[in-house]
Structure formats: C-alpha cells, structure tokens
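None of the values given here were measured: they were computed from a predicted structure.
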Amino acid sequence: YAEATKKQPISWFPSYSKLDKIPLGTYVLHDLLSEEMGDRFVEVDRPPYEVLRDSTLRGTYFFLNNRIDFDRTEVEDILKWTKKGNHLFISASSLPKKISDTLLLETGEDYMVDNMGSEPLLNFTNKKLKSQDAYRIQKDFPVHYFEEIDTLNQTVLGQAQIYDDALKITEPNINFIEAPFGKGKIYLHLQPQIFSNFVLLSDHNKELSEKALSYIPKNHTLLWDNYYKTGKKINTSPLRAILTNRYLKWAYYLVLIGIVLYVLFEGKRKQRSIPIVKPLKNKTFEYTQTISGMYLDKKEHH
C-alpha cells in the first residue's frame with residue numbers, strides 16, 4: 001500500500017514529445033504554437049525524406065530534441081529544400097555531423113573547474129531581444145556551444161555560459177547562430193531545454209523561447225517534427241506491419257468479423273436443443289411376478 005500510494009518522483013527524461021507534460025516534454029509549446037498559428041502549423045510524423053517528396057511544401061522545418069541524427073541522404077534532401085528559399089530550425093544539444101561539416105562548425109561543452117553545477121545562463125545578441133539580466137535556468141543542464149563558426153557568412157544570435165553567482169555573461173560562448181544557405185536560412189540552437197515545459201512555465205524564462213522563435217517569418221508554415229523525438233511512442237505490437245497498412249488492416253478486420261459471424265450462425269445450426277431421455281427403470285420384480293403367475297395357472301408348481 002505504501003509503495004502504491006507514495007508520490008512519484010519527477011521524471012527528467014528528455015522526451016521533447018508533444019504528449020508529455022513532464023518537465024522536458026513539449027506539451028505547452030505544442031499547444032501554444034498550434035493555437036496561435038492555426039492552419040500554418042503542420043505536424044509531421046514521417047521521416048524528412050518522405051515529407052520532402054512533396055515539391056510544393058514551403059515554410060520552416062522545426063526540429064526539437066536532445067539530439068538529432070539525420071542520415072546522409074536526409075541531410076542532402078533537407079539542404080536542397082532549404083536552398084530553394086525555405087528555413088531549417090534545429091534546436092538540439094547534438095547536431096547532425098553532416099550539417100556541422102557542411103557549415104564548417106565545431107561544437108563543445110562548457111564546464112567550470114570550481115563549480116560542480118552547470119546551470120545555463122543565456123542571452124541574445126540582438127539589442128531588441130537582449131535582456132539586461134541574462135536568463136538563468138535553475139537546473140543543471142549541459143551547456144553546449146560552437147567552438148568554431150564561419151564568421152564571414154554566419155550570424156551570432158545567442159550566447160551562453162554556466163551560471164556563476166551573477167546574471168551577466170562575462171565569458172560568452174556562441175550557442176545560437178543563423179547561417180544563410182542558398183535562398184534559405186538555417187538556424188542552429190544548442191539549448192533545447194528553453195522550449196520545454198519546465199522553462200515555458202517559469203515567469204521570466206518563457207521569453208527565451210518566444211524570442212528564439214521570433215526569427216521564424218510570420219508568414220511561414222511551421223512544419224513541427226514528431227519523428228525525431230526521444231519520447232516518441234513506438235508501436236511494439238506484432239500486428240504493427242498489418243495495422244499500419246490500410247488495406248491489410250481492413251482485410252484483417254474482415255477476417256475477424258467473418259470468424260465471429262461463422263461462430264454465431266454455424267453454432268446456432270449445430271447446437272439445437274437436445275431432448276431429455278429418461279433412463280430405463282428396473283422391471284425385474286414385475287417380470288418375476290408375470291412368469292410365476294403363468295406357472296401358477298398351469299399348476300406347474302415345481
């Protein structure tokens with residue numbers, strides 16, 4: 001009883017799923033964006049190489065997770081799509097290697113020798129977005145940054161460091177950049193926690209996600225990725241191959257319906273009511289009386 005009724009500990013699993021209300025889920029962000037953007041908010045449940053087969057697709061492809069692992073073919077498809085004038089927005093602690101190599105980027109993780117904690121301290125470089133006091137996330141998260149960028153072509157949008165008793169970034173590390181690519185743009189952000197429920201539900205830090213997303217054009221369709229999520233719900237049913245195909249699924253349902261109908265009708269025909277057969281009575285005494293009466297009438301007493 002004590003085990004069943006005790007309070008469950010808070011889960012800090014980096015889910016980033018729209019369904020999760022845990023601190024590192026994105027239930028709040030998904031709800032806010034879908035309500036605000038309406039028809040311009042499109043959810044994508046398939047891998048990018050399938051989605052981008054639609055040549056008419058335009059907008060900003062938004063990826064949010066603790067790590068993103070595109071394969072080489074997917075990266076090529078995404079970059080081709082971006083080059084046509086679309087935008088790519090990735091917020092993750094670990095970026096796809098192919099994209100880092102293409103944009104000449106090197107990433108690292110910040111640390112402090114005299115401080116065991118690593119609470120992120122974040123701010124923007126744009127004067128219109130920059131806060132007088134940096135934004136402190138009061139939870140130990142790794143602080144990743146860009147060690148090298150292409151300074152001639154890329155723009156620094158945000159900075160970070162580990163909190164050290166002051167809300168001022170004294171040793172800025174680049175954690176948010178804008179990289180032009182063909183006719184489009186690529187936005188890379190290394191602190192995905194700012195889009196989580198944990199940050200959005202705090203009074204001050206919720207501005208972080210608002211300001212970061214302000215770089216997405218208002219007239220763009222936002223393609224929200226549900227495929228690259230650590231907390232993605234995976235179908236482990238043995239029937240998943242059948243149930244994910246429309247035709248096989250209905251064939252399977254028809255087989256089940258046919259079996260039920262067969263049992264109902266065939267069972268009704270076979271299982272008619274069985275009449276009650278009474279067991280035979282023991283007539284030995286009556287038989288003996290009849291035979292003895294015959295001999296008595298004939299006076300054959302012996």
Side-chain angles (χ1 to χ4, degrees), residues 1-35 38-39 41-51 53-54 64-67 69 71 74 196-198 201 224-302:
Y1 174 80
E3 185 69 23
T5 56
K6 74 177 183 180
K7 187 177 179 180
Q8 292 295 323
I10 296 175
S11 171
W12 290 95
F13 176 69
S15 165
Y16 296 101
S17 169
K18 66 174 184 178
L19 302 175
D20 285 331
K21 298 181 181 180
I22 58 178
L24 294 182
T26 56
Y27 178 86
V28 176
L29 179 65
H30 177 273
D31 188 54
L32 291 173
L33 288 177
S34 60
E35 183 178 349
D39 295 338
F41 183 81
V42 178
E43 295 190 52
V44 177
D45 299 312
R46 296 172 294 154
Y49 71 87
E50 290 185 14
V51 176
R53 288 176 183 173
D54 184 359
L64 171 62
N65 201 31
N66 60 324
R67 61 183 296 114
D69 293 317
D71 60 35
E74 277 185 328
S196 66
N197 300 329
F198 175 68
L201 294 176
W224 172 282
D225 170 68
N226 286 323
Y227 185 79
Y228 281 104
K229 289 285 188 286
T230 303
K232 179 175 66 174
K233 301 297 182 282
I234 300 175
N235 184 5
T236 58
S237 169
L239 296 174
R240 61 185 179 277
I242 293 176
L243 298 179
T244 53
N245 182 289
R246 178 183 176 186
Y247 307 104
L248 290 177
K249 179 176 70 174
W250 279 106
Y252 176 69
Y253 289 160
L254 284 173
V255 168
L256 293 180
I257 293 170
I259 291 172
V260 172
L261 292 176
Y262 176 82
V263 170
L264 289 176
F265 287 96
E266 190 70 10
K268 185 177 181 181
R269 187 176 70 84
K270 295 288 186 183
Q271 296 179 6
R272 293 176 181 173
S273 59
I274 300 173
I276 298 174
V277 178
K278 294 182 179 180
L280 295 174
K281 292 184 178 180
N282 189 347
K283 297 288 187 178
T284 304
F285 181 70
E286 289 83 353
Y287 174 75
T288 305
Q289 277 188 324
T290 301
I291 297 300
S292 61
M294 290 171 59
Y295 284 110
L296 185 63
D297 291 341
K298 293 181 179 182
K299 296 185 184 294
E300 294 181 4
H301 305 299
H302 62 281

- Looking only at heavy atoms, which two atoms of Asp225 and Lys229 are closest? And how far apart? O-NZ, 2.7 Å

- Pro23 and Ile10: which non-hydrogen atoms are nearest, and at how many Å? CG-CG2, 3.6 Å

- Trp12 CH2: over 12 foreign heavy atoms closer than 6.0 Å: yes

In a table with atom names and distances, give each donor-acceptor pair under 3.5 Å that connects a side chain of residues 282-290 to protein atoms at least two apart or in another chain.
from   : atom 1 : to     : atom 2 : distance (Å)
Asn282 : OD1    : Thr284 : N      : 3.2
Asn282 : OD1    : Thr284 : OG1    : 2.7
Thr288 : OG1    : Thr284 : O      : 2.8
Thr290 : OG1    : Glu286 : O      : 3.0

- Message: Under a 3.5 Å distance rule, please check whether Thr26 uses its side chain to pair with a backbone N or O of Ser17 as donor and acceptor.
- Response: yes

- Item | Pairing residues for Lys299 by the salt bridge (charged side-chain N to carboxylate O under 4.0 Å, His left out) criterion, not counting sequence neighbours | none

- How long is the gap from CD1 on Ile257 to OH on Tyr253, to the nearest 0.5 Å? 9.5 Å

- Message: Pair Leu296, His301 - check side chain to side chain contact (heavy atoms under 4.5 Å, CB included), show working.
- Response: CA-CA 6 Å; Leu296 185 63; His301 305 299; 3.9 Å; yes

- Query: Okay, side chain of Asp20, backbone of Asn197: is any donor-acceptor separation there less than 3.5 Å?
  - Reply: no

- Query: Quick one: does Asn65's side chain have a donor or acceptor within less than 3.5 Å of a partner on Tyr16's backbone?
  - Reply: no

Please tabulate, for side-chain N and O atoms in residues 44-51, each donor-acceptor pair with protein atoms closer than 3.5 Å (sequence neighbours left out).
from  : atom 1 : to     : atom 2 : distance (Å)
Asp45 : OD1    : Asn226 : ND2    : 3.0

- Heavy atoms of Ile242 and Leu248 approach each other most closely as CG2-O, 3.5 Å

- How are the rings of His30 and Phe41 set relative to one another: parallel (under 30°), tilted (30 to 60°) or perpendicular (over 60°)? perpendicular

- Item | Distance in Å, Asn245 CG paired with Tyr252 OH, rounded so as to fall on 0.5 Å steps | 14.5 Å

- Message: If you compare all heavy atoms of Asn66 against all heavy atoms of Pro14, which two are closest, and at what distance to 0.1 Å?
- Response: ND2-CG, 3.9 Å

- Between Ile22 and Ser11 the two heavy atoms that sit nearest each other are CB-O, 3.8 Å

- Item | Side-chain touch Leu64/Leu29, heavy atoms, less than 4.5 angstrom | yes

- Task: Look at atom CZ of Phe13 and say whether more than 12 heavy atoms of other residues, nucleotides or ligands are closer to it than 6.0 Å.
- Result: yes

- Message: Keeping Lys21 on the side-chain end and Val28 on the backbone end, is there a donor-acceptor pair under 3.5 Å?
- Response: no

- Message: Would you say CD1 of Ile291 has more than 12 non-hydrogen atoms from neighbouring residues, nucleotides or ligands within 6.0 angstrom?
- Response: yes

- Value rounded to 0.5 Å, distance of CG in Asp297 from OG in Ser292: 9.5 Å

